Protein chains: 2
Amino acid sequence: MVKKKKTTIKDIANVLNISPAAVSKALHDDSRISKKTKKAVKQVAKNLNYQPNHLASALRRGKSNLVGVIVPRTNSHFFSSVIQNMEEILNNEGYNIIITQSSESFKKECNNIDTLLFTQVDGIIASMANETVDLQYFEKIKSKGIPLILFDRGENDLNVDYIGINDYDSSHMIVEHLVQQGCKRIAHIGGYKHTRIFNNRIRGYVDALKKHNLPLDNELLLESSLTTEDGREKMLQLLALENRPDAVYVAGDYAALGALQVLNERNIKLPQDIALVGFGNEPFAAMVTPSITSINQHSAEIGKQAAKVFLEHAKKDTVNQSLNKIILKAELVIRDSSRLK
Amino acid sequence: MVKKKKTTIKDIANVLNISPAAVSKALHDDSRISKKTKKAVKQVAKNLNYQPNHLASALRRGKSNLVGVIVPRTNSHFFSSVIQNMEEILNNEGYNIIITQSSESFKKECNNIDTLLFTQVDGIIASMANETVDLQYFEKIKSKGIPLILFDRGENDLNVDYIGINDYDSSHMIVEHLVQQGCKRIAHIGGYKHTRIFNNRIRGYVDALKKHNLPLDNELLLESSLTTEDGREKMLQLLALENRPDAVYVAGDYAALGALQVLNERNIKLPQDIALVGFGNEPFAAMVTPSITSINQHSAEIGKQAAKVFLEHAKKDTVNQSLNKIILKAELVIRDSSRLK
DNA sequence: TATATTTGCTTAAACGTTTAAACAAATATA
DNA sequence: TATATTTGTTTAAACGTTTAAGCAAATATA
């Protein structure tokens, strides 16, 4: 079996005895090409099973119509849903996306960025890895003049477009809810402080405690990688305290799941003994026993907005000066793990 | 802010007063270029922050070094893990991957295929959508002479490389295990019969019943889309039977989860009243209460093998005649939902 | 010393498209 | 009728690489 020669614009031109330029224009519905020619060109294109060579057109036009996406992982509902909604909008505008995963590793993230730049993407939409502190690679994207849009895990210092939720306020909502349930010693298993969103959640937690005149106890505030495994560990740590908390607010659902497992294994009653709240509203939060109260981050909306912000950039040829900082209002979904009354 | 002109091979050539061709060769370590020149070229490339234009080289060389991936969804552990492992191997060989999701929709799958062909990928690795019966779009890939590798959800008729597990035998393992636990009326919530893997699981189930002298009861064999929602529905259907099963083997973990939810809600004891077995060994199978017995599909290995098979094709320039059909041996992970003794 | 080979580069074409500029023919305007 | 405009096309260059072919200089071989 030999490789078939692909049909090009030239082949169509030869059949019709017109120039390749005319064919190109006909296929793009140029106003200066007669209806007759357009029809003929399209017919021949179909007959010869013509597929435009994207590489050639991208090279010539200086844009690839590809958008690079970097996420810590695809197998969480949050990221997968963001991507799916983003993709839909971008596809409609003729863009395709290249998804890459950092697996929370700084090094992989850097590789991903290089890969995407190498592939000549027209823009990058990203959510940063847990490990990432050094922003130099993201600066590299900016310095190439390629639109960069961050969502969820972003950084203020980078001064780029951002779509996320109001993390600070979300913490307030959670603490408020727990106080209403009668909780007095509320612990927080937070994410890494160096990540803005987790820092905001911590700040919100601290300030909300103050607001409700609850004392801030340092042993109740833990920093975690927020994996299921680390959630288990940190929960064990809290249970080992002399003065145990009566509520635990975990900054991520996967870690909350780990905490729940430990509580279940120890036969600690939820929410009577300890109330539990997660963050992210992953589908499993509703599936486990007891179901976990969590924060809905509006993943679909985040994906759509990110796509739209990119498209705004793409339409202008100079880099946009005005930054888009879109903060969506999150929603508390109350479930069995914290519903006392 | 104005868009910066990107550094090209020509710029480097101008700096050093040599030809662009020499630069290209120097960057590729051509043996006919002196060490001195190579060193100089690489230094200048670094200074000018040169990034090769992938589009141009892909156009010229007639290959994009991109591999397209089509999966029903990325937010299951199975697919995400397959992709991650595939990616690692392909990246090492200089390939990048473009991930697309069909969301189990035939139409989206066709679009994905068109998109990938349009992007001039060098090969496609795919797992088919649930809806897909018409194979014409996959034939299209083959007819373009582009390597196509299927995994998990594949089709025999297509006559392409395939990597999967021994579904038929897995069903035998499950039935055997349930029989050992003392179950006598084993139901099967299976996937769509038209999909080969699900068909094989059904055949395995039927044959294993025969082997153990259990009667085949048609009301115990249901066809399902295997979503969590449908799992709930089919479980309710089984519970409504006059003569209830004492074990349920579900062909997918998500549907098994739905079944579990229903059983928990009805306070039916697992595994005493009804034993439950899923398929796929999604992480949540170990997380829920009770944990669900399931089949480990070796996602990492599938991903690696798929990548390797693609690379084999890529190395030859004519299409390989000998087909790779790689069938991995799956593993039964026994958990609380079916452990009676 | 004359000839062959190797080394290190250049030239020029090619990949398949897009597009500015040119141009002839058809049509409109004065 | 002469001139201007519009219509429909062609020409040719460009996008940034790669690579076959060519060529001069350096080196090896006889």
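All values reported here derive from a predicted model rather than from experimental measurement. Each chain gets a letter, A, B and so on, in the order the sequences are listed, and its residues count up from 1.
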Among [options], which nucleotide sits nearest the side chain of [X]?
{"X": "Ala22(B)", "options": "dT18(C), dT19(D), dT10(C)", "answer": "dT10(C)"}
{"X": "Arg60(A)", "options": "dT17(C), dT19(D), dT11(D)", "answer": "dT17(C)"}
{"X": "Asn53(B)", "options": "dT17(D), dT17(C), dT11(C)", "answer": "dT17(D)"}

In the structure shown, which nucleotide is the Watson-Crick or G-U wobble counterpart of [N], with both distances under 3.5 Å?
{"N": "dC23(C)", "answer": "dG8(D)"}
{"N": "dT29(C)", "answer": "dA2(D)"}
{"N": "dC15(D)", "answer": "dG16(C)"}

Exercise for the section: Could you check whether the rings of Phe118(B) and His54(A) sit parallel, tilted or perpendicular, using 30° and 60° as the cut-offs? Expected result: tilted

Problem - Parallel, tilted or perpendicular: rings of Tyr137(B) and Phe106(B) (30°, 60°) - result: perpendicular

Output the rounded distance in Å from [atom1] ([X]) to [atom2] ([N]).
{"X": "Leu27(B)", "N": "dT19(D)", "atom1": "CG", "atom2": "P", "answer": "13 Å"}
{"X": "His54(A)", "N": "dC15(C)", "atom1": "NE2", "atom2": "P", "answer": "20 Å"}
{"X": "Ile12(A)", "N": "dG16(C)", "atom1": "CD1", "atom2": "P", "answer": "13 Å"}
{"X": "Ile9(B)", "N": "dT19(D)", "atom1": "CD1", "atom2": "P", "answer": "11 Å"}
{"X": "Lys10(B)", "N": "dA13(D)", "atom1": "NZ", "atom2": "C1'", "answer": "11 Å"}
{"X": "Asn17(B)", "N": "dT11(C)", "atom1": "CG", "atom2": "P", "answer": "11 Å"}
{"X": "Ile33(A)", "N": "dT18(C)", "atom1": "CD1", "atom2": "C1'", "answer": "13 Å"}
{"X": "Leu16(A)", "N": "dT9(D)", "atom1": "CG", "atom2": "P", "answer": "11 Å"}

Tell me whether the OP1 or OP2 atom of [N] has a side-chain N or O from [X] closer than 4.0 Å.
{"X": "Ser34(A)", "N": "dT9(D)", "result": "yes"}
{"X": "Thr8(A)", "N": "dG16(C)", "result": "no"}
{"X": "Thr37(A)", "N": "dT9(D)", "result": "yes"}
{"X": "Ser19(A)", "N": "dT10(D)", "result": "yes"}
{"X": "His28(B)", "N": "dT18(D)", "result": "yes"}

Handout entry: Of Asp30(A) and Ser24(B), the one whose closest DNA chain D nucleotide lies more 5'
Key = Asp30(A)

Touch class at under 4.0 angstrom, heavy-atom based, for [X] against every strand present:
{"X": "Leu55(B)", "value": "nothing"}
{"X": "Ser57(B)", "value": "sugar-phosphate"}
{"X": "Arg32(B)", "value": "base"}

Practice task
Consider only side-chain N and O atoms of Gln43(B) and Asn47(B), and report whether a donor and an acceptor are under 3.5 Å apart.
Solution key: yes

Practice task
By nearest nucleotide on DNA chain C, pick out whichever of Lys35(B) and Leu59(A) is the more 5' one.
Solution key: Lys35(B)

Completion exercise
Tightest non-hydrogen contact, residues Thr37(B) and Ile33(B), listed as CB-CG2, 3.8 Å

Exercise for the section: Answer yes or no: side-chain N or O of Lys25(B) and base N or O of dT10(C) forming a donor-acceptor pair under 3.5 Å. Expected result: yes

Handout entry: Glu104(A)/Arg153(A) salt bridge by N-O under 4.0 Å criterion
Key = yes

Fill in the blank from the handout: Rounded to the nearest 0.5 Å, the CD1 atom of Ile97(A) sits from the CZ atom of Phe310(A) at a distance of 11.0 Å

